[in-house]
Amino acid sequence: MENNIILSTENIQKSFLGTKVLKGVSIELKRGEIHALIGENGAGKSTLVNIISGVHQPDDGDIFLDGIKQEYKNPSDAQKAGIGLVHQELALCSHVTVGENVFIGRLPETGGLIDRKKLYEMTEKVLEPFESSIKPDQIVEELSVAQQQIVEIAKALSLNCKVIIFDEPTSSLNESEAQKLMNIIEDIKKQGIGILYISHKLSEIFQITDRLTVLRDGNFIETLDTGSTNSDHVISSMVGKQVKKLYPNKSTCVNEKEEILHVEGFTRLPEFKDISFTVRKGEILGLCGLVGSGRTEVSRAICGIDKSKSGEVYLNGTKVSIKCYADALNNGICYLSEDRKKDGLFVAMTLLENMMAPELKNISRFGLLNRRMVTKQMADYKQKINIKYVTVNQIMNNLSGGNQQKIMISKLLALNPKLIIMDEPTRGIDVGAKTEIHAMLRELSEAGVGVVIISSEMPEIVGMCDRVVIMNVGNLVGELKGEDITQENIIAKISEFCEY
Amino acid sequence: SSRTTGDNSGKKETADKSNGDQTKEGGTSSGGTVETANASFVGDPSEEYYMVTFLSGYSYWKTCYKGFEDAAKQFGVTSVYGGTTEYDVNEAVTAFEQICAKKPAGIAVSCMDADAYAPVIDKAVADGVNIVTFDSDSPNSDRITFLGTENYAAGAAAANYIGDKLGGSGKVAAVTTTGQSNINERIKGFSETLAANYPNIKLVQVVDSGSDEVTCASNVAGLLTNNPDLKYVFCALLLASTGTQQALAEANLTGKIKVVAFDTDDATLDAIKNGAVEATVSQAPYAQGYWSMVYLYFIKHGLINPVDGWMEKGYPSLPKTADSGASIVTKETCDNYYISK
Amino acid sequence: MGKMQQSAKNGILGKIRSFKEFNVLMVTIILIIGISIKSPIFLSATNIRTTLIGLACNGIIAIGMTLALVSGGFDLSVGAIMGLSACLTVVFAGMGLNVWFAAILALIVCIGVGLLTGTLIGRVGLNPFITTLGIQQIARGAVFVLTAGSSLSLPAGADISSFKKLGQSSILGIPIIVVIFIIMAVLGDFLVKKSSAAMKVFYIGSNEKAAILSGINAKKVKQMVYIITATLAAVAGILTSARFGVATSNTGAGSEMTVISAAVIGGASLTGGKGTILGAVVGVIMLSVISNALVLFNVDVNWQSLISGAILILAILFDLLSHKRKYKA
Amino acid sequence: MGKMQQSAKNGILGKIRSFKEFNVLMVTIILIIGISIKSPIFLSATNIRTTLIGLACNGIIAIGMTLALVSGGFDLSVGAIMGLSACLTVVFAGMGLNVWFAAILALIVCIGVGLLTGTLIGRVGLNPFITTLGIQQIARGAVFVLTAGSSLSLPAGADISSFKKLGQSSILGIPIIVVIFIIMAVLGDFLVKKSSAAMKVFYIGSNEKAAILSGINAKKVKQMVYIITATLAAVAGILTSARFGVATSNTGAGSEMTVISAAVIGGASLTGGKGTILGAVVGVIMLSVISNALVLFNVDVNWQSLISGAILILAILFDLLSHKRKYKA
Ligand SMILES: Nc1ncnc2c1ncn2[C@@H]1O[C@H](COP(=O)(O)OP(=O)(O)OP(=O)(O)O)[C@@H](O)[C@H]1O
Ligand SMILES: Nc1ncnc2c1ncn2[C@@H]1O[C@H](COP(=O)(O)OP(=O)(O)OP(=O)(O)O)[C@@H](O)[C@H]1O
Ligand SMILES: [Mg+2]
Ligand SMILES: [Mg+2]
């Protein structure tokens, strides 16, 4: 039995800036096992795996690989020992090609020269199971977030490790891509590789993992056999309390006559063509489709972030002219980006300054900033959606991924918008906070704020939306309402279109 | 350090050359008769005379300072060379003011800009610092004397030399640099004198020397491509002559197109010896430095005193300007100019 | 920004040390103490006075440069624009205009140049390095053309002598130039720390895309930044012309490098998002103190460049080692 | 890297256009055509020859500078190091050493300086701007001290005349300096595109953290980069001393700005991760062509700066507008 343990940690402790983030965590990973690591945002999951893979050094505690005590000074030590990590935050070199990223540090060479032909062949092979359209010689900068995530995963897979750690690998993938990843993971499991898998998507956890370990506030809570537990138990173990309902009730007060937003004829070829839809008062509208269907592009065009060829926006019945995003904000329309690192965060600035960014106008008098107002706002949201931070003067980069996302959301909600378009709003957010955010969105919608959700998580769309419009390859291909919103119907609409 | 203390006949060497530290005590304790009284040809090593320039460090100033230093040694006083290495009026004036703030016995200053220095010189003079200008004047200031050659006249000397050599006709060109008014004046003197005295000599092109000899050689090469039938090239600044010589050599035109350079540093004199340069213009830098020191010493020690308080009263006791002359140095005379060795 | 970067220790001492400018201030103070022990004249009123006058113009330019650095760009044209404004003031006054009016006209032209730079970088999207280098050459070229490579003096006149007072007189013993510089620096530091307009520059420098998604008009803000750098450089030029009564063709040459160095020494980053006016000003002071010391100690001119280079590196090395703050471009 | 940036159109034309260097090459060719129409002498063998000799040294330095830019830093000390190596060669030869040995000694000293720069930036983590500015001052200062502000000539001797051949003779009608430059550029371009060592520089410049996470020794690589820039600058200096037979205190002054401009024009980014040797070399050619044209057209020296600045901006504007490639610092 002992022999079956490939990786174990004993009493791992770690503090950042005097705050204890890991308070003695011990886990065991077996050969050929998929082991989930779950917990709320900021529970210490990423910190733990970063320690295992040599990114951070523990303050105390030991790591054993194959029963041998390990001490990694840096990530490449761990890599050499056979531990691969798919980082939660993308760590790609954006100016170089996909192949050069996948095989970074291990380029095939002949006499000091890179054999690019071989490199691209090797990359092709690694990418094959993902069935994606990524080309090995594409520059990473030009890829979508999802595609970059796939490159990141491919990078770890190509290492041929004894242990592979996935830190929220599917947070920016859509359902089908995630499914492909599940298949790949099950495949490598068969090779006897130990897999540590972090995710906030419980469906995935229950689909593929053999065991799961729950962390809460840096404490080890328990390790369970996945088969012998259920999501209710897991959630309460994570959150420390009972969570009754994942999604709020659907709207009861949709006012068919009152249109908050009407979008007419948005076109920018080849990305999207003649997109028109409406958001009514009291409803939450879902915008769904496969990756690359153009949802993000349309939303950005509506908000004036990118220019579109044509299209008109009516807000509460009156036409508004939106030339840039500032115009959208002035009209009460705001957009939550799907790529928080690239488009959302000022990673080197403080939480407070991040929070202030869109509200400069509201919080300044005579052009001078009043930071205190924002400090108070932050304290409110810290409570409401359980953001985990020490002080508002902390640097954004030090926050856990989920908590960064929560700040992104608070930042927009604090603007009291009339219409809010949220692109993957709960990416990387833990179950507990997700329900809080969902409840808040429902509250907003009831209060007359237009809410549009773009999500690659079908259950989220199904659970939250009162109506969905479906896009495929830049076209609007259908609409579903009420009870008709089911995963099957949405897929059906998409494939219906494809048959033409 | 460029500090030197004079070694007068009756005294021992008291200089502390090691690190620029001030060792005034060393000077006074060295025995011998220390004359602090006025009207003496024997000074005190604690007396400091400064030579201040812009673009300090260029070899031309070395020769000036050599004269200054030699005179200081003869008087037994301390000479110091300072200033900014930049060509920037703010830097130059700031460094000059900072030296004035030390209240030295006298300053010989070369003014990067005539008017810009005037208020500062006036203030220093009002504070009791004796100031002469050399090389580049500030005529509207209260400086006592200017010793030097007008750059215009130096350019004119080159023009007259070339004009005579060419017998009044032919094509010539010049190399200058942008934004340096002293060089600009030389070019002005050169071209205006040619136009006035030698109407048949054509100044076909004035090219920029750029920042170093590599750029200069490229630019001169372009000049030669344009005008292969040139007779003379006048290099109005030291930096230009190396690049010009090389461009001529690479075009196999050395000796066919002749070079008149500026200033008498060793490399230029060597070039005259080996024929790459035909002549160069000397502004008598040693004399400028030497006499600057002499003037300063004389005033400080009241050696000239026709009437009491002549300076305040404006009694003419020293020439307002002293022309050091611009001479043409050729193969025949160049041996005399190796001064810094 | 954010004044406190995780001040681990609390208390007043911790707070002082957490100031971004603390490190460079310490290095400067140590330098000052060291120099004044070796050369007591260093702290004499005259020396302080001349040193302050000497650094005032670079100090004023540093205010704008800090903003440009914070925005993630920089401006190599400031020295040339300083020269241009000095030159235009003299040229316009020489045409018979009232010199004050001439100065305002020069200021307007230079603001126009800044507008051009800002438009090219902010709106068109050209690279700041090449663009400001090009503008530098254009502005300096214009000065060469106007001065014919030499220098121009202000004519005589009643207005001229009042104008020269601006550059040559004192208020309460402090030269007016220095007073103007101090006011601008204090005001600039205050505004950069407190105003929402300056905050936008920090956002853009930190993450331009995210700034745009916060409703900030990045193009306009970047354009503004180069207008400000040009305006401040122009003010420095006007003060220089008032101080010297002349405009040389080299006025301001090389200022950009000194000022960028000063700002970086003061904590600004060449990749944007970081920097304070106070830091940049202390950086300017530090560099001036070093060159002042070279003069006071009568360092051989041939050695000056070598020594000041070594001190520059030692200063940032000391800063890094003693405070473990990483200088990263 | 990756040569192809999603070449939308296929075929040979598409492939040519997808070359990173295509834009700057086009601009340069247009300039060359324009100039040679106005001045047929421009394409004469002599003019091409002298222009090539003139740009060879900057071209060699540009190879190193591109690497430094790719790594996310830059090197302001190259011009001064070029001057230092020229000067040391002459000084050592003047001491009676065989000049070839003197040149190697000078090279070694300069490599040592590069090692220092690289250590300070790569290992210690100092800011490249300030560090290389400091090293620039130190190296230039050393030149001032050695030359005493003047110029030094190579002594006479058999070894000297063979050494001078290096700078003054031709092979098959092409000056040896130019041959050396072309070999280095071709080799450099090849290595930067193909070698895994150069690839590491791209990784670091693109995302240093990611590179470190993948086991690339960023400190060592960055250190290497500055050793390379210094080595190439030293080679340029030695060739200059062989060409001119003298070293002046100005040798190499201002080269750094020209070379950085050239590399940026050629597609390098000041934030790292981007750049090619070929692009930088074409950039050097473009800048030389412009200054050559100014001489050939007999443009008044006082106008030259203005005009070359305007051309610089127009060139990158044209590049941007016609190819929609964004120049971003
Ligand atoms: N470099 C750091 N400096 C300071 N604090 C840090 C740092 N990294 C993480 N933390 C803190 O440690 C705690 C745990 O973070 P970690 O990233 O491990 O959480 P997580 O469980 O992965 O959360 P998520 O689900 O949101 O990704 C958080 O409170 C975070 O703010
Ligand atoms: N599978 C893909 N193949 C090629 N390009 C893609 C793909 N996916 C995304 N892209 C690129 O990224 C953009 C993605 O479009 P957009 O983000 O609007 O789609 P989306 O429907 O919002 O999908 P997502 O789920 O990624 O948010 C497209 O314009 C395309 O350039
Ligand atoms: Mg995490
Ligand atoms: Mg999307």
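Numbered from 1 within each chain, the chains take letters A, B, ... in sequence-line order.
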Which residue is it: L296(D), N298(D), D300(D)? I am looking for the one with a side-chain contact (heavy atoms from CB on, under 4.5 Å) to Q205(B). N298(D)

D212(B) and G252(D): which non-hydrogen atoms are nearest, and at how many Å? OD2-N, 2.7 Å

Grab the two heavy atoms, one from V295(D) and one from G222(B), that are nearest each other, plus how far apart they are. CG1-C, 3.7 Å

Could you check whether any side-chain heavy atom of E213(B) comes within less than 4.5 Å of a side-chain heavy atom of V246(D), counting everything from C-beta outward? no

For K202(B), look at atom NZ and say whether over 12 heavy atoms of other residues, nucleotides or ligands are found less than 6.0 Å away. no

So which part of T85(B) gets closer than 4.5 Å to some heavy atom of chain D, the side chain, the backbone, both or neither? neither

Under 4.5 Å to a heavy atom of chain B? For S151(D) that would be both

Mind running side-chain contact (heavy atoms from CB on, under 4.5 Å) on S150(D) and D266(B) for me, showing each step along the way? CA-CA 8 Å; S150(D) 177; D266(B) 293 356; 5.9 Å; no

F244(D) vs V214(B) side-chain heavy atoms within contact, under 4.5 Å: yes

Nearest heavy-atom contact between V301(D) and D208(B) is CG1-N, 3.4 Å

Identify which one of N250(D), T248(D), T251(D) satisfies the side-chain contact (heavy atoms from CB on, under 4.5 Å) criterion when paired with T242(B). T248(D)

Option in S218(B), A221(B), S211(B) with maximal non-hydrogen atom pairs under 4.5 Å from chain D: S211(B)

Engaged part of L152(D) at the chain B interface, taking heavy atoms whose separation is under 4.5 Å: neither

Thinking salt bridges, do R243(D) and E250(B) make one under a 4.0 Å N-O criterion? yes

Smallest separation among heavy atoms of N302(D) and T178(B), with atom names: OD1-CG2, 4.2 Å

Which region of V204(B), side chain (C-beta onward) or backbone (N, CA, C, O), has a non-hydrogen atom less than 4.5 Å from a non-hydrogen atom of chain D, or is it both or neither? backbone

